[in-house]
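First the proteins, then the strands, lettered A, B, ... as listed; each starts at 1. What you see is a predicted model; the values in this text were computed from it and never measured.
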Amino acid sequence: MSPPILKVPSNASGTNPSHVSMPTTSKKRLLNGHLKASSPDYEVQQKHHNDALKPLQNNSDDNGAPGLSSRRPVLHEGLAQKLSAGKNEQGRHKGVVNEQKKAALLKLRKELPIWNHERLIRQSLSGNKDIMLMVGETGSGKSTQVPQFLMTEPWCKRCIAITQPRRVAAISLARRVADEMGMTLGAPACQVGYSVRFDTSIGPNTRIKFLTEGMLLQEMLRDPTLPQYSAVIVDEVHERSVNVDLILGFLRNLVSSKRAAMKVVVMSATADVEGLTKFFQDGLREKTISNGTDRKATKVHSQGTSSSSTGSAKAHHTKDYTVDAFSDRISTCLIKGRQFDVKTTYVHEPTQDFVEEALKTIFRIHCKEPLPGDILVFLTGQETVESLQRLVNEYAGGLDEKTPKILTLPLFAALPQIAQQRVFDKAPHFTRKVILATNIAETSITVPGIRYVIDCGKVKMKHFRNNLGLESLLVKPISMSSAIQRQGRAGREAPGQCFRLYTERSFQELQKVTTPEILRCDLSQALLTIMARGVPVQDIITFPFLDRPSDESLKQALTQLLQLGALNESAHFSHTGKQLARLPLSPTLGRVILEAAKPERDCLSEIIDIIACLSVENIFLNIHTEEKKEAAEEARRSLFRREGDHLTLLATIRAYSEEQSDRRAWSDRHFVSHRAMQNVIDIRKQLRAQCVQMKLLDRNATEGSRMDEDTKAAMLQCLLRGFATNTARLMPDGSYKTMVGNQVVAIHPTSVLFGRKVEAIVFSEFVFTNRSYARGVSAVQLSWVGDVLAGAT
DNA sequence: GAGCACTGC
């Protein structure tokens, strides 16, 4: 196998590429065993980590997290070090470096707003005080300092867990805290570790463990009481992911049940403190009252009114709990952040076209305000980003020579990493950077150098419609907290300005906080998560949701789980349900896996490959230009299968796997996303391991390679079992109508079956834009659909 | 003949 070519990111602004040292990279590639190390994402990580001696200077968020997200696994420094030659000397050297780092960092730590609160924070969790709610504004240092304050407390005998919504944040926080403690992340002696999907660095001495929310939930599957931890710190709660809501519910039960000695810290940037306090007080109160009284009645009393209103829990709770005997077990802590003033202006009249308004505002700022000071524009999606970019570039051509130049930089998730990285490069001389971003810049990526923010006031958001059972993406007004978050991006390094492309009146009318995800998504996976961690079906109604989803959406999710067999006929959580919960997949995709493992189907290896493809974003690149479109069609022809998109995916992953020399070049040739394919390979590996562990797959089973007629039929029937309700039949007029609900649905133009007429189809995705579309489509026999529908109901 | 924000196991 010839080594892949190492691509050093090159760009016009002349960034020093010296952070990519060839020996290290080759070493990592050897250790990883395949092509991963040559991915540009890895280089980004290196760059940040080598900057450890000058922390908080760039790209560092509140947490010290690098701003750019990377999905690629990182190898542990400790392991790499052990395998390198002359390790003793290097180890000593490392020790000196560690001490130097530690000393340099201590100076910076002492300047953090949180530093003077150490005693108070320790006291807040001493004795019988179990819960602390902490509001720490951006830049307060809470994520890095609080675990270090607490780890030496007498009650802290075991590990401290601290959860993060994103992988990069967990990894870079761990690295930062290890540096502050003078340790080497990944070395056996290190007291700091992390755990994220596909990548773990935990040693025998780990005392502080950063992990993603999903990972903590995964650990609860083994033991819901989390006996390995003395404390759990839940960070970034204001983002209100489904997982964080579930974790808070479990932790409330845990603390109030007192089954385990457990301290809980809830941290947030803009928390609704009253709502959270009330939430945990209710838990403690409920437990006390339920001693000897009617448990059910108490539970209904304490949370029955929490309806699906979009606001926080605050609105429902009034005077009866304000003075509470349990409040001494809960403390609150407010830490000021480090934020410069941001002057905010509004438009006087509501605007029709925010792209045009943004264009005007950009040039108004550019011509009036001196350098330095880059502009960050918040837009809704790729399309608005690209059209504004065209406009700005067009107008920038007409600027006179005395005015600084403009460099426009797009920023959205679908953009290749190498292009995302450009927002971190220093602007060329006499040039102002204008970053055109989606919501990715609100939470995931912190762009340095921003003094001006332009906020269109809109966001693209997913909504789940219960009655139709489908999700759609809609452009919606942002919430007030989101507007404040965007505004704050202008004041990270110096006083800044924020231009809101909406009126002050519209701002006042915005929803206070963003509707939590749990109120607008399909709940089947969340319910599966809850039940697999020991909550019986009938107790779901009393699960402590911070915001309770509507009965209707709960019922819909239960119906879905019943159809998939996660609940048996007597509505108890079944063995199938337990198995589905162990798979890192949606319940429907999981069900397809379980079906494929049945002896009469016997196509698990093949199905795992297909499911791995379905659980990443599109593996085929979108083509924009006409000539490329033809080239892409030609190149992909060998991969297409007439049976439909699922077998096409299987053919693609197989061709990719068989490519031994240069998979990146293969991907480029076939207009396939190399990044997505690397992800597919990781997921396939994880799914195979999980299936082996669950005794569904033989350890020595070969990778999916069969494509005979019987296997093909078996695969499609497995897909049908998971997607029984995503089926449609051909009507005499040539349209397709769903078997359940009799709705018209069209095959999406990106499907290989587009324009074809087959008697019936099964599809893995249903999207609603201008009309209803089926995406991920395969042709099936009508009789099969009849069978599966009869069987499932 | 379409047009998809962002995470995570």
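- With hydrogens and angles left out, the side-chain atoms of His646(A) and Ser764(A) include a donor and acceptor closer than 3.5 Å.
- The side chain of Thr212(A) contributes no N or O atom lying less than 4.0 Å from OP1 or OP2 of dT7(B).
- Residue-level contact check: Leu585(A) touches the bases, meaning some heavy atom is under 4.0 Å from a base atom.
- In this structure, the nucleotide among dC9(B), dA5(B), dG8(B) sitting nearest to the side chain of Lys460(A) is dA5(B).
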Side chain to side chain contact (heavy atoms under 4.5 Å, CB included) assessment of Thr750(A) paired with Tyr773(A): CA-CA 10 Å; Thr750(A) 55; Tyr773(A) 283 105; over 6 Å; no
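- Defined by atom type and a distance below 3.5 Å, a donor-acceptor pair is missing between the side-chain atoms of Gln164(A) and Tyr194(A).
- Atom CG in Leu411(A) sits roughly 13 Å away from atom P in dA5(B) (whole-Å rounding).
- The residue Met215(A) sits close only to the backbone: its heavy atoms come under 4.0 Å of sugar-phosphate atoms, none of a base.
- Under the 3.5 Å distance criterion, the side-chain polar atoms of Arg486(A) are left unmatched by any main-chain donor or acceptor of Val453(A).
- Atoms CG (Leu621(A)) and P (dA2(B)) sit 21 Å apart, rounded to a whole Å.
- Ranking dC6(B), dG1(B), dG3(B) by closeness to the Glu383(A) side chain, first place goes to dG3(B).
- Summarising the geometry, the separation between CD on Glu239(A) and C1' on dA5(B) is reported as 14 Å, rounded to the nearest angstrom.
- Comparing Arg520(A) and Pro584(A) by the nucleotide of DNA chain B that holds the closest heavy atom to each, the one mapping nearer the 5' end is Arg520(A).
- For Phe754(A), the side-chain atoms get nearest to dG1(B) when compared with the rest of dG1(B), dA5(B), dG8(B).
- A donor-acceptor pair under 3.5 Å links the side-chain atoms of Asp645(A) to the main chain of Val777(A), judged by distance alone.
- Taking atom CZ of Arg240(A) as the reference point, atom P of dA5(B) lies 25 Å away to the nearest angstrom.
- Considering only side-chain atoms of Lys462(A), the nucleotide from dA2(B), dG1(B), dA5(B) that sits closest is dA5(B).
- At the heavy-atom level, Gln218(A) lies under 4.0 Å from the strands shown only through sugar-phosphate atoms.
- Nearest to the side chain of His748(A), among dC6(B), dC9(B), dG3(B), sits dG3(B).
- Note: CG (Asn243(A)) to P (dC9(B)) measures 9 Å, nearest angstrom.
- Going from atom CG of Asp682(A) over to atom C1' of dG8(B) covers 14 Å, rounded to whole Å.
- To the nearest angstrom, C1' of dG3(B) lies 13 Å from CZ of Phe412(A).
- Thr750(A) comes within contact range of no nucleotide atom at all, as no heavy-atom separation falls under 4.0 Å.
- Note on Glu765(A): a base of the nucleic acid sits closer than 4.0 angstrom, heavy atoms only.
- As judged by a 4.0 angstrom heavy-atom cut-off over every strand, Arg197(A) is placed among the base-contacting residues.
- As judged by a 4.0 angstrom heavy-atom cut-off over every strand, Thr438(A) is placed among residues touching the sugar-phosphate backbone only.
- Counting only N and O atoms by type, the side chains of Glu213(A) and Ser241(A) include a donor and acceptor under 3.5 Å apart.
- Residue Gln525(A) is classed as a base contact, given a heavy-atom separation below 4.0 Å to a base.
- One can place CZ of Arg222(A) at 14 Å from P of dC9(B), the figure rounded to the nearest angstrom.
- The side chain of Leu473(A) has dA5(B) as its nearest neighbour among dT7(B), dG3(B), dA5(B).
- Nearest to the side chain of Pro749(A), among dA5(B), dA2(B), dT7(B), sits dA2(B).
- Side-chain atoms of Val196(A) lie closest to dC9(B) of the nucleotides dA5(B), dC9(B), dA2(B).
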